[in-house]
J.: 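Here you go, one structure.
Chain letters run A, B, ... following the sequence lines, proteins first, then strands; residues in each count from 1. Everything quoted here is computed from the prediction, not taken from an experiment.
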Protein chains: 2
Amino acid sequence: MAGRRAARDAISRDQWAALISARNSDSESGARRAAGREKTPITVERIIDAALQAVEAGGFEDLTMRRVATRLGTGPASLYAHVRNRAELGDLLIGRLCSQVALPAPDPACWREQFMEVCAQLRDQFLRYPGIAQAALTVVPADLATLRVGEGMLAILLASGAPAQQAAWAGDAAFLYITGYCLEAAAARRQGEDVDGRVIDRAEIEERLRMLPPDLFPHTVTHARELTSGTGHDRFTFTLTLLLQGLIPPPSVSGPGHRHPPRPGR
Amino acid sequence: MAGRRAARDAISRDQWAALISARNSDSESGARRAAGREKTPITVERIIDAALQAVEAGGFEDLTMRRVATRLGTGPASLYAHVRNRAELGDLLIGRLCSQVALPAPDPACWREQFMEVCAQLRDQFLRYPGIAQAALTVVPADLATLRVGEGMLAILLASGAPAQQAAWAGDAAFLYITGYCLEAAAARRQGEDVDGRVIDRAEIEERLRMLPPDLFPHTVTHARELTSGTGHDRFTFTLTLLLQGLIPPPSVSGPGHRHPPRPGR
DNA sequence: CCGTACGACGAACATTGTTCTATTGGCGAT
DNA sequence: ATCGCCAATAGAACAATGTTCGTCGTACGG
């Protein structure tokens with residue numbers, strides 16, 4: 001109690017164990033209160049709901065303790081009985097989003113499609129709440145729902161027959177890329193207004209790239225179109241396909257080829 | 001003048017043109033002032049220096065206008081004559097870091113090694129200033145030094161013979177992955193303290209993963225070691241190698257029927 | 001019936017980004 | 001040489017943020 005807290009307080013190991021074991025009993029005293037009263041008691045779930053609405057409305061940078069509190073009709077201090085930090089609130093949001101991702105039963109026949117599907121689900125969830133991917137990067141292994149998605153992705157990758165080390169690293173890379181992709185998209189949308197209030201769209205960016213001095217930026221000027229393309233999620237699927245493609249080179253569909261393509265890694 | 005400014009003010013197109021054309025004249029009136037006085041006038045360069053020192057000391061979240069100002073022996077208001085925003089300061093920091101990246105002359109014989117080298121330089125620059133990669137994600141095409149690195153990476157990728165679209169997307173993916181990787185590393189270091197002040201290292205995380213219920217997290221528990229490995233930058237090089245590996249061969253990304261050796265065709 | 005304990009909450013504190021306004025110092029123009 | 005002007009600097013202030021303290025109210029255990 002009196003000991004000085006770390007600047008960024010992580011979870012202790014006992015708390016971690018308790019968190020795992022108590023994954024079924026849903027809130028110790030909250031249920032009791034919820035049953036007794038109609039006064040809409042403050043729950044972690046309600047906080048998460050309000051926070052998600054706030055992010056959906058104004059982006060992650062507008063996710064304020066006060067905004068969440070007023071959305072719940074109370075003051076900011078009331079939240080700290082259920083959530084330790086703003087950072088922990090972010091973790092909870094990511095957990096909620098991850099809990100809504102459907103994980104297929106791994107099928108070695110179509111593991112690439114399955115993996116892409118899960119990644120697309122994550123991407124859509126993150127894109128729906130602009131900037132929320134920022135919270136996903138600070139999470140190491142905090143929430144069980146988040147770990148569940150990681151387990152599912154790892155399961156699919158392992159079903160491909162890839163070695164465990166490659167599967168683990170590829171899953172990590174995919175998750176990292178997804179968050180980066182969504183963060184970039186959120187940033188682009190956020191700063192998408194000019195001083196005049198005009199929206200900077202792809203054509204605008206392309207035009208600006210073409211204005212660069214061709215002696216210093218020859219390729220950028222020449223390929224401005226390719227650099228700014230990728231409207232839909234073509235870029236997204238392209239990158240992830242690239243990642244998955246090199247994993248365990250297609251498990252030799254036409255017989256046991258004794259020709260091993262170069263393994264990435266060391 | 002009196003027009004209302006956008007919430008996130010981006011750069012106008014005239015300013016963009018001016019920024020490009022004035023890339024050589026180094027600070028319009030700053031040089032003049034610097035020559036006349038020993039009173040250490042405030043320059044953009046000095047602001048960037050102070051800001052980088054602040055980030056190196058306490059991470060990107062401790063990068064405060066006030067901290068930078070006091071490091072320069074003045075108040076926070078004095079900075080706004082040279083820097084428009086905290087966001088623009090972040091862009092400048094990324095630009096400074098990018099300006100220190102050495103770009104090789106593209107050699108089609110060893111384009112992979114060259115690309116990896118540039119990525120490693122970026123990674124090391126970002127890792128030296130924890131959390132600064134956050135600013136790299138919000139930059140679209142703001143700084144010339146940043147664009148220069150993009151041009152260099154694109155040049156190497158094009159030298160590989162890959163189609164322009166693939167080269168552009170791959171470069172983007174690599175940059176995105178680098179920033180995500182560095183952000184994750186910064187977050188891990190930041191939250192690396194327990195409530196007791198103990199440091200959570202990889203062994204600790206691995207142990208925690210093993211504590212998960214095996215019925216729900218079979219693969220995570222089994223491969224906890226692989227998930228937490230990647231001490232050095234093995235994970236980094238692995239992922240980028242995976243990305244580069246699949247670049248050239250088939251122009252159609254979806255169906256890699258058989259692998260062509262790199263053809264001299266374009 | 002009362003005591004107690006815990007969740008809710010109002011107010012407050014330290015800190016942040018940013019702007020308004022005054023001041024000052026040097027340089028060009030007369 | 002003197003005047004005036006403009007840009008840079010800085011002090012103070014404002015709105016908004018995360019977080020904590022102490023109080024209050026109410027519901028449950030006795």
J.: For B:R96, run the side-chain hydrogen bond (donor to acceptor under 3.5 Å, both in side chains) check against B:D143, B:T146, B:D49 and tell me which one passes.
T.: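 With B:R96 as partner, B:D143, B:T146, B:D49 yield a single side-chain hydrogen bond (donor to acceptor under 3.5 Å, both in side chains), made by B:D49.
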J.: Is A:R123 close enough and on-axis enough to A:Y129, meaning under 6.0 Å and within 45°, for cation-pi?
T.: no
J.: Does A:E206 come within less than 4.0 Å of A:R202, counting only side-chain N to carboxylate O?
T.: no
J.: Taking the side chain as C-beta and beyond, is there a heavy-atom pair between A:R128 and A:L52 under 4.5 Å?
T.: no
J.: With 3.5 Å as the limit, what N/O pairs link the protein to nucleotides 14-18 of chain D?
T.:
residue	atom	partner	partner atom	Å
D:dT17	OP1	A:T64	OG1	3.4
D:dT17	OP1	A:R67	NH2	3.0
D:dG18	OP2	A:M65	N	3.0
D:dG18	N7	A:R66	NH1	2.7
D:dG18	O6	A:R66	NH2	3.1

J.: Check this for me: does any side-chain nitrogen of one of A:R235 and A:E184 sit under 4.0 Å from a carboxylate oxygen of the other?
T.: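 Salt bridge between A:R235 and A:E184, a charged N being under 4.0 Å from a carboxylate O: yes.
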J.: In whole Å, what is the span from the CG atom of A:L79 to the C1' atom of C:dA8?
T.: 11 Å
J.: Name the closest nucleotide to the B:A77 side chain, picking from C:dA11, C:dA8, D:dA12.
T.: D:dA12
J.: Between B:Y181 and B:F236 (judged by ring centroids, cut-off 6.0 Å), do the two rings come close enough to count as a pair?
T.: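 Yes, the ring of B:Y181 comes within the 6.0 Å limit of the ring of B:F236, centre to centre.
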J.: Is the phosphate of C:dA8, meaning OP1 or OP2, less than 4.0 Å from a side-chain N or O of A:T74?
T.: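 A:T74 to C:dA8 OP1/OP2: no side-chain N or O under 4.0 Å.
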J.: Can you measure B:R84 atom CZ to C:dT19 atom P for me and round it to whole angstrom units?
T.: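 These atoms are roughly 11 Å apart.
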J.: Whole angstroms only, please: what is the CD-P distance between A:E61 and C:dG17?
T.: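 In whole Å, C:dG17 P and A:E61 CD are 14 Å from each other.
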J.: State whether B:S78 places a side-chain N or O below 4.0 Å from either non-bridging phosphate oxygen (OP1 or OP2) of D:dA10.
T.: yes
J.: Tell me the interatomic distance from B:I47, atom CD1, to D:dA10, atom P, rounded to whole angstroms.
T.: 11 Å
